[in-house]
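Shown next, in structure tokens, is the structure this report addresses.
These values consider heavy atoms only, across backbone and side chains, with no hydrogens, waters or symmetry-generated copies. If you read the sequence from its start, that first residue is 1, and numbering goes on from there.
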Amino acid sequence: MSPRRRDDEGAANARAGRRAELLATAAEVFASRGYAATTVREIADAAGILGGSLYYHFDSKESIVDEILSTFLDDLWARYDEVLAAGLGARETMERLVVESFRAIDRHRAAVVIYQNESRHLSEGERFGYLRESWDRFERMWGELLDRGIKENAFRPDLDVPLVYRFLRDTVWVAASWYRPGGRLPADEIARRYLSMVLEGIQAPTE
């Protein structure tokens, strides 16, 4: 490899690294202050740069939150799809999906908070139509899984599927409001304890 090419790759890697740092900083600011209340200057201040310097990396505040949310959802759905393609039974599929959800909170905590707090408003814009698609996909995935679990006799036959879906959705994702990486319990252990509480209530009676 030529010295010039090495220099170019080094510069590109440095820019990518700095961009990732700025996105992480912006995500924390959006999560704590709210998207509408946050200014580009406040993001720049938190990152320790001049306001105008942020535009070297992003053309608008909207672009920043778009990248934060799309990166989180792309990562989450890639991992969900691996679980769904594994051919597992309904109960084990549920367990693994919940574990992946908590791992996503561990990796993208601020993005999850933004998604919870801001996606309804943001989805009104054409740019964020993928948020509405993701909601529909979540509901369809969990509904089909719960229905399959009933048929497999893994879950109680009298489940109110839409209600259980909302319960699972809300109890898992609200954890982003209090979870902190490196805390007393790791994400996988929190998922295990959540599952223990949930599954004792919805599993089929044993003889």
Side chains of [X] and [Y]: does their closest heavy-atom pair fall under 4.5 Å?
X	Y	answer
M94	L199	yes
I64	L54	yes
F102	D188	no
Y80	M141	yes
Y55	V40	yes

From [atom1] ([X]) to [atom2] ([Y]), nearest 0.5 Å:
X	Y	atom1	atom2	result
Y165	R140	OH	CZ	10.5 Å
R192	L185	CZ	CG	9.5 Å
L146	L163	CG	CG	10.5 Å
D106	S101	CG	OG	12.5 Å
L131	L122	CG	CG	6.5 Å
R148	T93	CZ	OG1	4.5 Å

Under 3.5 Å, is there a donor-acceptor pair between the side chain of [X] and the main chain of [Y]?
X	Y	value
R19	H57	yes
K61	I43	no
E152	A90	yes
S32	V29	yes
T25	E21	yes
E92	G89	no

- Task: Tell me, with the steps shown, if E100 and R96 meet salt bridge (Lys or Arg N to Asp or Glu O under 4.0 Å).
- Result: CA-CA 6 Å; E100 290 298 344; R96 289 185 57 181; 5.7 Å; no
Specify the closest pair of heavy atoms between [X] and [Y], including all atoms of both residues, with the distance to one decimal.
X	Y	result
A154	R91	CB-CB, 4.3 Å
V112	A176	CG1-CB, 3.5 Å
I105	A175	CD1-CB, 4.2 Å
T171	V174	O-CG1, 3.6 Å
I150	P157	CG2-CA, 3.9 Å
L76	A104	CD1-CB, 3.7 Å

- Message: Do R120 and W135 form a cation-pi contact, if we require the NZ or CZ to be under 6.0 Å from the six-membered ring centre and within 45 degrees of the ring's axis?
- Response: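 Pair R120/W135 counts as cation-pi.
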- Task: Test L97 against L145 for side-chain contact (heavy atoms from CB on, under 4.5 Å), laying out the working first.
- Result: CA-CA 10 Å; L97 288 173; L145 178 60; 3.7 Å; yes
- Message: Let's go through R18 and I49 carefully: what are the C-alpha distance in whole Å and the side-chain angles of both, what is the deciding distance for side-chain contact (heavy atoms from CB on, under 4.5 Å) to 0.1 Å, and is it a yes or a no?
- Response: CA-CA 11 Å; R18 184 55 175 155; I49 61 176; 3.0 Å; yes
- Any ion pair linking D81 and R137 (charged N to carboxylate O, less than 4.0 Å)?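 Judged by the 4.0 Å cut-off on N to carboxylate O distance, R137 and D81 do form a salt bridge.
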- Message: For R79, is there an ion pair with D75 - N to carboxylate O distance below 4.0 angstrom?
- Response: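 Yes, this pair counts.
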- Greater than 12 external heavy atoms within 6.0 Å of R127's CZ: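 Buried by this count: over 12 neighbours within 6.0 Å.
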- Is R184 atom CZ crowded by more than 12 heavy atoms from other residues, nucleotides or ligands, each under 6.0 Å away?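 Incorrect, the count does not exceed 12.
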- Message: Using the rule given for side-chain contact (heavy atoms from CB on, under 4.5 Å), can you reason through V161 versus W142, listing the C-alpha separation, both sets of side-chain angles and the distance that settles it, and then say yes or no?
- Response: CA-CA 9 Å; V161 170; W142 283 110; over 6 Å; no
- Message: The test is side-chain contact (heavy atoms from CB on, under 4.5 Å); show your working for L69 and E118 and say whether it passes.
- Response: CA-CA 10 Å; L69 290 173; E118 311 286 354; 5.9 Å; no
- Message: Quick check on the 6.0 Å ring-centre criterion: do W173 and Y179 meet it?
- Response: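 Centroid separation for W173 and Y179: 6.0 Å or greater.
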Check whether [X] and [Y] end up in the same hydrophobic cluster, where Ile, Leu, Val, Met, Phe, Trp and Tyr are linked by side-chain heavy atoms less than 4.5 Å apart.
X	Y	answer
F167	I190	yes
F58	L50	no
L22	Y35	yes

- Message: Would you call the rings of F128 and Y130 parallel, tilted or perpendicular, taking 30° and 60° as the class edges?
- Response: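 Tilted: the ring planes of F128 and Y130 meet at 30° to 60°.
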- Task: Could you list the residues that satisfy ring-ring contact (aromatic ring centres under 6.0 Å, His included) with F72, not counting sequence neighbours?
- Result: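 Once residues adjacent in sequence are excluded, the partners of F72 under the ring-ring contact (aromatic ring centres under 6.0 Å, His included) criterion are H108, Y115.
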